[in-house]
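A short worksheet on the structure shown next.
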Amino acid sequence: MKIIGILGGVACGKSLVAKQFADLGAGILDADQAGHEVLRQPEVERAARGRWGDAIFDANGRIERAALAKIVFGANPEAARELKYLEELTHPQIAMRLRRQAGKFAAEKRAAAILDAPVMLKANWNAFCDHILFVDAPWEVRVARARTRGWTAEDVRRREAAQEAIEEKRRWADLVIDNAGPPEHTRMQIERIWQTLID
């Protein structure tokens, strides 16, 4: 089974690309979903409460990601230090979940699995991958998409500042998808790549 890592800027359409690969039979290694699950682990909740207090927890006693994001993606100088702490707390456990899921997909005889992880390079998860795919979309398109999530252009800038530069991500890629247009245009490119990979 081949593992294809997906890179790109914030709101470039990585999730759409992953879903379209899944429609063709690929498994999805979703680091964001794994991150959700890790944040619900009791030992992670205890560490987070000790670091950031009750303010980041919702009425059900679960970590509220939006509140946590304000701390780790904030505009103040402390944000980078807090993000580093969060990554050291969660990344090893996220990686373990991704490896376990990849093993399950391999046992199912999937032709490929797609690794969708915004911090892939920072976490060194690209080491799992046989190919790296870069999802390309212009800044204006990405900001427009991000606004549908309730984010501002400044939110996009701050989140991207916490990741590798777009140019660095593109340099790692051996495959590129143009996702500036309609989903049908993206789908045609994905089908071509899929046929190449499974031949």
Quick check: do Leu175 and Phe134 have side-chain heavy atoms less than 4.5 Å from each other? no
Salt bridge (charged side-chain N to carboxylate O under 4.0 Å, His left out) between Glu168 and Arg171: does it pass, once the steps are laid out? CA-CA 5 Å; Glu168 176 70 8; Arg171 274 197 296 273; 2.6 Å; yes
More than 12 non-hydrogen atoms from neighbouring residues, nucleotides or ligands closer than 6.0 Å to CZ on Arg40, yes or no? no
Applying side chain to side chain contact (heavy atoms under 4.5 Å, CB included), run through Asp116 and Asp32 and close with a yes or a no. CA-CA 8 Å; Asp116 183 4; Asp32 198 45; over 6 Å; no
Going by an N to O cut-off under 4.0 Å, is there a salt bridge joining Glu37 and Arg97? yes
Can you confirm whether Thr152 sits close enough to Arg147 that some side-chain heavy atom of one is under 4.5 Å from a side-chain heavy atom of the other? no
Name the orientation class of the two ring planes belonging to Trp194 and Phe21 (parallel below 30°, tilted from 30 to 60°, perpendicular beyond 60°). tilted
Could you walk me through whether Arg149 and Asp155 pass the salt bridge (charged side-chain N to carboxylate O under 4.0 Å, His left out) test, one step at a time? CA-CA 11 Å; Arg149 305 179 191 176; Asp155 291 331; over 6 Å; no
Arg99 to Trp125 six-membered ring, cation-pi geometry met (6.0 Å, 45°): no
State whether the number of non-hydrogen atoms from other residues, nucleotides or ligands found under 6.0 Å of Trp172 atom CH2 is greater than 12. no
Establish, for the pair Arg49 and Phe57, whether the NZ or CZ atom is under 6.0 angstrom from the six-membered ring centre and no further than 45 degrees off its axis. yes
If I take atom CD from residue Gln93 and atom CD from residue Gln41, how far apart are they, to the nearest 0.5 angstrom? 4.0 Å
Ile63 CD1 to Leu39 CG distance, which is reported to the nearest 0.5 Å: 4.5 Å
Would you check, one step at a time, whether the test salt bridge (charged side-chain N to carboxylate O under 4.0 Å, His left out) holds for Glu160 with Arg142? CA-CA 12 Å; Glu160 288 201 337; Arg142 296 192 292 111; 2.3 Å; yes
Does some side-chain heavy atom of Gln20 sit less than 4.5 Å from a side-chain heavy atom of Gln189? no
When rounded to the nearest 0.5 angstrom, what is the spacing between CG in Asn126 and CD1 in Ile132? 5.5 Å
Side chains of Arg170 and Asp136: does their closest heavy-atom pair fall under 4.5 Å? yes
Is there a donor-acceptor pair closer than 3.5 Å between any side-chain N or O of Lys109 and the backbone N or O of Met1? no
To the nearest 0.5 Å, how far apart are CD1 in Ile114 and CG in Leu29? 8.5 Å
Name the residue from Glu82, Glu87, Glu88 that meets the salt bridge (charged side-chain N to carboxylate O under 4.0 Å, His left out) definition with Lys84. Glu88
With the side chain counted from C-beta on, respond yes when Lys14 and Val17 share a heavy-atom pair under 4.5 Å apart, and no when they do not. no
Within the supplied structure, the quantity of interest is the number of heavy atoms (other residues, nucleotides, ligands) at a distance under 6.0 Å from Lys19 NZ; does it exceed 12? no
Check: Lys169 side chain, Gly8 main-chain N or O, donor-acceptor pair, under 3.5 Å: yes
Begin with the C-alpha distance, continue with both residues' side-chain angles, and end with the deciding distance and a verdict on side chain to side chain contact (heavy atoms under 4.5 Å, CB included) for Leu121 and Leu7. CA-CA 9 Å; Leu121 298 178; Leu7 293 175; 4.1 Å; yes
